[in-house]
Amino acid sequence: MSADRITLKGLRARGRHGVLAAERDLGQEFVVDATLYLDTAPAAAGDDLTKTVHYGELAQELAAVVEGEPVALIETLAQRLADVCLANELVHKVEVSVHKPAAPIPLPFDDVIVTIERSRA
């Protein structure tokens, strides 16, 4: 397997995910980082976008998931995002982090992040 990676970092989208009713009613910004593992050599050899991941299209697809159907847990959201990444047959592994910087925690904090790693079965 190739060690090549494409990373999309800091993608921001508004979603209504969370356990609390206020989180679902008001929504909040989520930040997504996704690192895709794939072989980029065929794309580089032919300078061919069709042999790699179009990261602009990927960003749109990931944002649509964040903006879409609400879930209670950001673990579930991370899994849905990983599934989108792995839907591309060129991707053999993905690492997805979901940041929830406005999580309802009554103490000072910088961020809450759930990171998952998934591979093609």
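All figures in this text were calculated on a predicted structure; none of them were measured in a lab.
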What's the shortest heavy-atom distance between [X] and [Y], and which atoms?
| X | Y | answer |
| --- | --- | --- |
| Ala63 | Leu11 | N-CD2, 4.0 Å |
| Val94 | Ala82 | CG1-CB, 3.9 Å |
| Val112 | Ala103 | CG2-CB, 3.9 Å |
| Thr52 | Ala43 | CB-CB, 3.6 Å |

Next on the checklist: The test is side chain to side chain contact (heavy atoms under 4.5 Å, CB included); show your working for Leu58 and Leu36 and say whether it passes.
Outcome noted: CA-CA 11 Å; Leu58 176 66; Leu36 287 63; 3.8 Å; yes

Any heavy-atom pair between the side chains of [Y] and [X] that's under 4.5 Å?
| X | Y | result |
| --- | --- | --- |
| Glu95 | Ile116 | no |
| Leu81 | Val66 | yes |
| Phe30 | Val98 | yes |
| Leu38 | Val53 | yes |

Check: [X] side chain, [Y] main-chain N or O, donor-acceptor pair, under 3.5 Å:
| X | Y | answer |
| --- | --- | --- |
| Arg120 | Leu86 | yes |
| Asp111 | His99 | no |
| Arg24 | His17 | no |
| Arg12 | Glu29 | no |
| Asp4 | Thr40 | yes |

Supply the atom-to-atom distance [X] [atom1] to [Y] [atom2], rounded to the nearest 0.5 angstrom.
| X | Y | atom1 | atom2 | result |
| --- | --- | --- | --- | --- |
| Ile74 | Ile113 | CD1 | CD1 | 9.0 Å |
| Arg14 | Leu26 | CZ | CG | 7.5 Å |
| Asn88 | His54 | CG | NE2 | 12.0 Å |
| Ser97 | Lys9 | OG | NZ | 8.0 Å |

Should we count [atom1] of [X] as having more than 12 external heavy atoms under 6.0 Å?
| X | atom1 | result |
| --- | --- | --- |
| Asp47 | CG | no |
| Gln60 | CD | no |
| Asp110 | CG | no |

Checklist entry - How about Gln28 and Arg16: does a side-chain donor come under 3.5 Å of a side-chain acceptor? => result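 No pair is found: no donor N or O on one side chain lies under 3.5 Å from an acceptor on the other.
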
Item to check | Lys100/Glu23 under salt bridge (charged side-chain N to carboxylate O under 4.0 Å, His left out): CA gap, chis, key distance, verdict | outcome: CA-CA 11 Å; Lys100 190 174 180 181; Glu23 293 179 288; 2.6 Å; yes

Item to check | Stepwise side chain to side chain contact (heavy atoms under 4.5 Å, CB included) check, Leu8 with Leu62 | outcome: CA-CA 10 Å; Leu8 176 62; Leu62 296 177; 4.0 Å; yes

Item to check | Derivation of the salt bridge (charged side-chain N to carboxylate O under 4.0 Å, His left out) call for Glu117 and Lys93 | outcome: CA-CA 7 Å; Glu117 185 178 293; Lys93 183 170 91 171; 3.8 Å; yes

Next on the checklist: I'd like to know whether Val65 forms a side chain to side chain contact (heavy atoms under 4.5 Å, CB included) with Leu77, so could you lay out the CA-CA distance, the side-chain angles of the two residues, the decisive distance to 0.1 Å, and finally the verdict.
Outcome noted: CA-CA 8 Å; Val65 171; Leu77 180 58; 3.9 Å; yes

Checklist entry - Do Phe109 and Val31 sit in the same hydrophobic cluster, where Ile, Leu, Val, Met, Phe, Trp and Tyr count as joined when their side-chain heavy atoms come under 4.5 Å apart? => result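 Shared cluster, no.
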
